[in-house]
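Presented below is the structure to which this report refers.
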Amino acid sequence: MMDACELARQYSIPDCESCLLRQLKDQILLNGTAISTVLDKAAALAMPQLELLALERCSSMVITPVAFQGFSPHALLLCLSAAHLRASEASILEAVINWGKQRLRNNPGLSMSDALADIMPKVQLDSIPADVLLGMIASLELTSSEATSLQVTQQPQALPSLSKQYARRPWGELGQDIACTDIDTIQFVCQQHQGARSRHCLKADTGRYVWHLCIERYSSCTWIGLVDDTADMTRWLGCQTNCYMMGSNGSIAAAATKCNCNAARFGCSLSPTEKVLYGDQSYHVTPYGTKFDKDGTRVTVHIDMDARQCSFEVDGINFGVAFWTLPAQVYPAVSMRYGGKVKFITCMGVD
């Protein structure tokens, strides 16, 4: 199939090329060798549609310790730079390290620092606990100068660089039924609420930030806010500890408590802005702002990590401080269910 695409491009047969791309979309296997072949061919043939097709497959990969086996250096660089890998930074680093070791076995003349020289700068390390990172790097048996040259230390980021740092892949950890439809856009295909967390790590005493996003397609009970690194992306974020969310019903929730009324009948006296129902359980929430349920709604979260507080703004209207006791480290996050689609616009430091 790849050879046929190459011939269609060589002899300028666009209809044939488009047809082959559609067929190829259903045939790319979720393994490193196949994805790498497509990415390398896409670069050689200057076919951006083919590249995006392969990056979509990268985003669907389960990142195991051997997930990158079979990738060429070019393909792995592109995958790390442009794909939404649905895994923790520690899992991605482990897969990269194993890729480097495999490359050494195939090229005995290389050193580990040479094998990973171009790759490691693309691996994000900021959310990996320091002791875990040290243990993983120790397995490479690098000298201190080699470790420095590979940029395997956690460096503090200047505030304005946050948005630029993650411009090509802002989303980090995703629930298992969330699909990346573009570099900065995710779509929820789960029946029950799941979460998506940004890569932007906002730490205490680092100043103020703004996070902008657009709800491209609304789904009932959309929740937007901040979470720490313990949040479970397979469940509704509003009922979890250290999750601080605003809902599309105009309420806010942080470790929302269960309502003791008959949930099946939803028969308590609370108003629609004071309760939400998930599965067979209702939860208490707090009235805060106005509801938002339209496609195209713009939501902004204002975060002050010096004061450890945040406020929410919907289509230009700010509703004031919602939470005063944020954790020392938070990430922008969204919780939605089937049909929901959101676009990450920017997250940056402000003076």
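Taking CD of Gln194 as the reference point, atom CZ of Phe188 lies at 8.0 Å (rounded to 0.5 Å). Leu78 contributes atom CG, which lies 9.5 Å from atom CZ of Phe71 (distance to the nearest 0.5 angstrom). Note that the OH atom of Tyr331 and the CG atom of Asp228 stand 8.5 Å from one another [nearest 0.5 Å]. Taking CG of Leu202 as the reference point, atom CG of Asp304 lies at 11.5 Å (rounded to 0.5 Å). Interatomic distance, Leu80 CG to Leu93 CG, rounded to the nearest 0.5 Å: 10.5 Å. With rounding to the nearest 0.5 Å, the separation of CG in Asn318 from NE2 in His302 is 4.5 Å.
Annotation: Tyr338, atom OH; neighbour count of heavy atoms from other residues, nucleotides and ligands within 6.0 Å does not exceed 12.
Between Ile186 and Met336 the shortest side-chain heavy-atom distance does not fall below 4.5 Å. Taking the side chain as every heavy atom from C-beta outward, Lys203 and Gln329 approach each other to under 4.5 Å. Side-chain atoms of Asp114 and Asn107, non-hydrogen and from C-beta on, never get closer than 4.5 Å to each other. The shortest distance between side-chain heavy atoms of Asn242 and Gln240 does not fall below 4.5 Å. Two residues are said to be in side-chain contact when any heavy atoms from C-beta on lie closer than 4.5 Å; Phe344 and Ser198 meet this criterion. When side chains are defined from C-beta on, Ile303 does not count as touching Val210, because their heavy atoms never get closer than 4.5 Å. Side-chain contact between Tyr244 and Leu326 is present, with heavy atoms from C-beta onward closer than 4.5 Å. The shortest distance between side-chain heavy atoms of Met112 and Lys101 falls below 4.5 Å.
Side-chain N/O atoms of Glu94 and Asn98 include no donor and acceptor closer than 3.5 Å.
Cluster annotation: Ile317 is connected to Tyr288 through the hydrophobic network of ILVMFWY side chains, with a link wherever side-chain heavy atoms come within less than 4.5 Å.
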Point to revise | Full working for side-chain contact (heavy atoms from CB on, under 4.5 Å) between Gln102 and Val66 | key: CA-CA 9 Å; Gln102 181 63 49; Val66 295; over 6 Å; no
Review point. So Gln309 and Trp324, side-chain contact (heavy atoms from CB on, under 4.5 Å) or not? Walk me through it.
Key: CA-CA 4 Å; Gln309 63 187 30; Trp324 286 265; 3.5 Å; yes
Exercise for review: Decide yes or no on side-chain contact (heavy atoms from CB on, under 4.5 Å) for Ser248 and Trp223, but give the supporting numbers first.
Suggested key: CA-CA 6 Å; Ser248 55; Trp223 292 82; 5.8 Å; no
Check your understanding: Could you walk me through whether Trp99 and Leu76 pass the side-chain contact (heavy atoms from CB on, under 4.5 Å) check?
Key -> CA-CA 9 Å; Trp99 176 87; Leu76 184 54; 3.5 Å; yes
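The only option from Leu226, Val227, Val334, Val285 that meets the side chain to side chain contact (heavy atoms under 4.5 Å, CB included) definition with Met245 turns out to be Val227. The only option from Val342, Asp315, Thr222 that meets the side chain to side chain contact (heavy atoms under 4.5 Å, CB included) definition with Thr297 turns out to be Asp315. Each of Ile224, Val301, Val314 was evaluated against Met246; a single residue qualifies, Val314, per the side chain to side chain contact (heavy atoms under 4.5 Å, CB included) test.
The two residues Ile215 and Val299 have their closest heavy-atom pair at CD1-CG2, 4.2 Å. Gly207 approaches Asp306 most closely through the heavy-atom pair N-OD1, 3.2 Å. In terms of heavy atoms, Ala231 sits closest to Cys243 at CB-SG, 3.8 Å. Smallest separation of non-hydrogen atoms from Thr290 and Phe319: CG2-CZ, 3.3 Å. For the pair Arg298 and Cys214, the tightest heavy-atom approach, listed with the atom from each and the gap, is CD-CB, 3.8 Å. Here the closest non-hydrogen pair linking Pro327 and Arg308 is O-NE, 3.3 Å.
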